[in-house]
Amino acid sequence: MKIAFVGLGNMGGGMAANLVKAGHEVRAFDLSADALAKAGENGCQTFAAAREAVSGADAVVSMLPNGAIVNSVYEADIFGAAPAGAILLDCSTIDVATATKVTAAATAAGYEMVDAPVSGGIAAANAGTLTFMVGGTDAAFTRAEPILAAMGKAVIHAGAAGAGQAAKICNNMLLGIHMIGTCEAFSMAQKLGLDPQTFYDISSVSSGQCWSMTSYCPVPGAGPQSPADNGYQPGFAAALMLKDLKLAMEAAQTAGVDAEMGKRAAELYQAYVNAGNGGVDFSGIIRTL
Ligand code: NAD
């Protein structure tokens with residue numbers, strides 16, 4: 001297929017390269033000359049404007065920083081420029097309301113579209129092992145699925161338009177909460193005289209077990225290799241966790257949900273980022289607890 005790819009940053013760069021490896025002709029655009037040059041080295045065709053990249057494409061994939069940018073790129077550069085009938089896939093993490101609005105505008109302009117945010121960081125984007133949670137009609141999902149499968153290990157239909165973003169922010173709200181919980185448990189265990197590895201050995205096979213412990217242990221030297229063993233280099237930067245928690249709090253308010261633990265996690269990550277840790281891995285919050 002001819003697939004246009006807009007947004008070739010930390011995540012999009014690796015994803016576009018995997019589409020090339022799967023045999024697709026990838027038509028790349030990014031505002032950053034460096035990102036575009038790297039995409040060229042990875043076998044993408046590069047274009048000087050998004051409108052040029054998407055013209056003649058069977059599908060358009062976007063991986064952009066936020067909802068305002070997604071909305072403006074689709075309105076200004078994709079609708080009307082991509083061929084009628086192209087399938088549009090936005091993989092960015094954005095608010096549910098904007099995702100739903102952009103899909104409605106796409107439908108009105110004659111396109112099928114899915115919101116398909118990802119779980120998994122830069123390493124998973126490079127390795128092609130992302131998990132995609134997809135919102136859209138059955139017909140749109142059927143067309144999007146094989147394209148996403150070339151970049152991930154799991155592609156799951158979450159429901160109608162916006163449902164992919166809803167799944168993503170609920171998942172990441174839970175991640176923020178259990179990372180902080182894991183950090184508190186390790187800090188307290190240590191204050192109570194337990195060796196971190198011993199506590200890991202016990203809790204990782206007991207009812208406190210969770211992903212933040214067994215896949216991403218926030219304590220250096222305990223559990224599997226993680227950013228904690230690398231001076232808390234990301235990984236998943238605290239600023240991105242805060243972004244997702246803010247989106248979750250926005251959605252909670254819209255839905256009339258009183259997410260007390262999510263709210264507290266957002267406050268703690270806000271304080272952590274305000275203290276200059278936005279670029280530090282999110283598990284580094286253990287150093288403040
Ligand atoms: P990034 O900042 O590295 O990449 C974004 C890219 O978009 C940049 O290269 C930027 O130049 C480009 N861009 C911005 N405006 C543009 C425009 N108008 N036209 C074309 N290109 C434009 O960010 P990232 O880490 O790759 O994240 C992308 C998305 O993925 C975000 O929504 C983020 O929340 C989500 N995400 C990131 C991670 C992660 O670990 N980094 C994990 C899961 C999801």
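Note that the coordinates shown come from a computational prediction; the quantities given were computed from them, not determined experimentally. Residue numbers run from 1 in the order of the sequence given. Indexing begins at 1, ligand by ligand and atom by atom, following the structure's order.
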Just wondering, more than 12 heavy atoms not from Lys243 lying within 6.0 Å of its NZ?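 Yes, NZ of Lys243 has more than 12 neighbouring heavy atoms, counting only those of other groups under 6.0 Å.
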Give a yes or no on this: more than 12 heavy atoms of other residues, nucleotides or ligands lie within 6.0 Å of atom NZ of Lys263.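 More than 12 heavy atoms, drawn from other residues, nucleotides or ligands, come within 6.0 Å of this atom.
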Of all the non-hydrogen atoms in the protein, which one sits nearest to [atom], and at what distance?
atom                    : result
atom 30 (O) of ligand 1 : Met63 CE, 3.1 Å
atom 27 (O) of ligand 1 : Met11 CG, 3.9 Å
atom 8 (C) of ligand 1  : Asp30 OD2, 3.5 Å
atom 44 (C) of ligand 1 : Thr93 OG1, 3.7 Å
atom 34 (O) of ligand 1 : Lys243 NZ, 2.8 Å
atom 21 (N) of ligand 1 : Leu31 N, 3.5 Å
atom 2 (O) of ligand 1  : Pro65 CG, 4.7 Å

Using a strict cut-off of 4.0 Å, indicate which atoms of ligand 1 neighbour a heavy atom of [X].
X      : value
Ser32  : 11 (O)
Ile69  : 15 (N), 18 (N)
Val118 : 43 (C), 44 (C)
Phe236 : 40 (O)
Phe29  : 19 (N), 20 (C)
Ser92  : 32 (O)
Val73  : 17 (C), 18 (N)
Val6   : 20 (C)

Under 4.0 angstrom from atom 4 (O) of ligand 1, is there any protein heavy atom? yes
Look up atom 23 (O) of ligand 1 and tell me if a protein heavy atom lies less than 4.0 Å from it?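 False for atom 23 (O) of ligand 1.
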Determine, considering heavy atoms only, which of Leu64, Ile122, Leu247 sits nearest to atom 29 (C) of ligand 1.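 Ranked by closest heavy atom to atom 29 (C) of ligand 1, first place is Leu64.
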I'd like the name of whichever of Ser62, Ala123, Gly121 reaches closest to atom 40 (O) of ligand 1 through any heavy atom.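 It is Gly121 whose heavy atom sits nearest to atom 40 (O) of ligand 1.
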Decide whether the shortest distance between a heavy atom of Gly120 and an atom of ligand 1 is less than 4.0 Å.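 Gly120: in contact with ligand 1 (<4.0 Å).
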Aromatic rings Phe79 and Tyr74: how do their planes relate, parallel, tilted or perpendicular, breaks at 30° and 60°? tilted
Kindly assign one of parallel, tilted or perpendicular to the pair Phe236 and Phe282, based on the angle between their ring planes and the thresholds 30° and 60°.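 If you compare the ring of Phe236 with that of Phe282, the planes turn out perpendicular.
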Side chains of [X] and [Y]: is there a donor and an acceptor less than 3.5 Å apart?
X      : Y      : result
Asp90  : Ser62  : yes
Asp281 : Tyr216 : yes
Gln209 : Thr214 : yes
Thr98  : Asp95  : yes

Is the closest N or O pair between Asn10 and ligand 1 shorter than 3.5 Å? yes
Quick check: Lys168 and ligand 1, any N/O pair under 3.5 Å apart? no
For Asp30 and Leu8, indicate whether the former's side chain and the latter's backbone hold a donor-acceptor pair under 3.5 Å. yes
Verify, without hydrogens or angle tests, whether Asp229 (side chain) and Ser226 (backbone) share a donor-acceptor contact under 3.5 angstrom. yes
Heavy-atom distance under 4.5 Å between the side chains of Ile147 and Leu89, does that happen here?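 In contact.
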Does some side-chain heavy atom of Phe5 sit less than 4.5 Å from a side-chain heavy atom of Val60?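 When only atoms from C-beta onward are counted, Phe5 and Val60 do not touch, as no gap falls below 4.5 Å.
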CA sep, side-chain torsions, deciding dist, call: Asp244, Lys168, side chain to side chain contact (heavy atoms under 4.5 Å, CB included): CA-CA 8 Å; Asp244 293 353; Lys168 165 78 186 177; 3.8 Å; yes
Phe47 and Phe29: aromatic ring centres closer than 6.0 Å? no
Below a 4.0 angstrom heavy-atom separation, can you tell me which part of Leu240, side chain or backbone, both or neither, approaches ligand 1?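 For Leu240, the contact with ligand 1 is made by the side chain alone.
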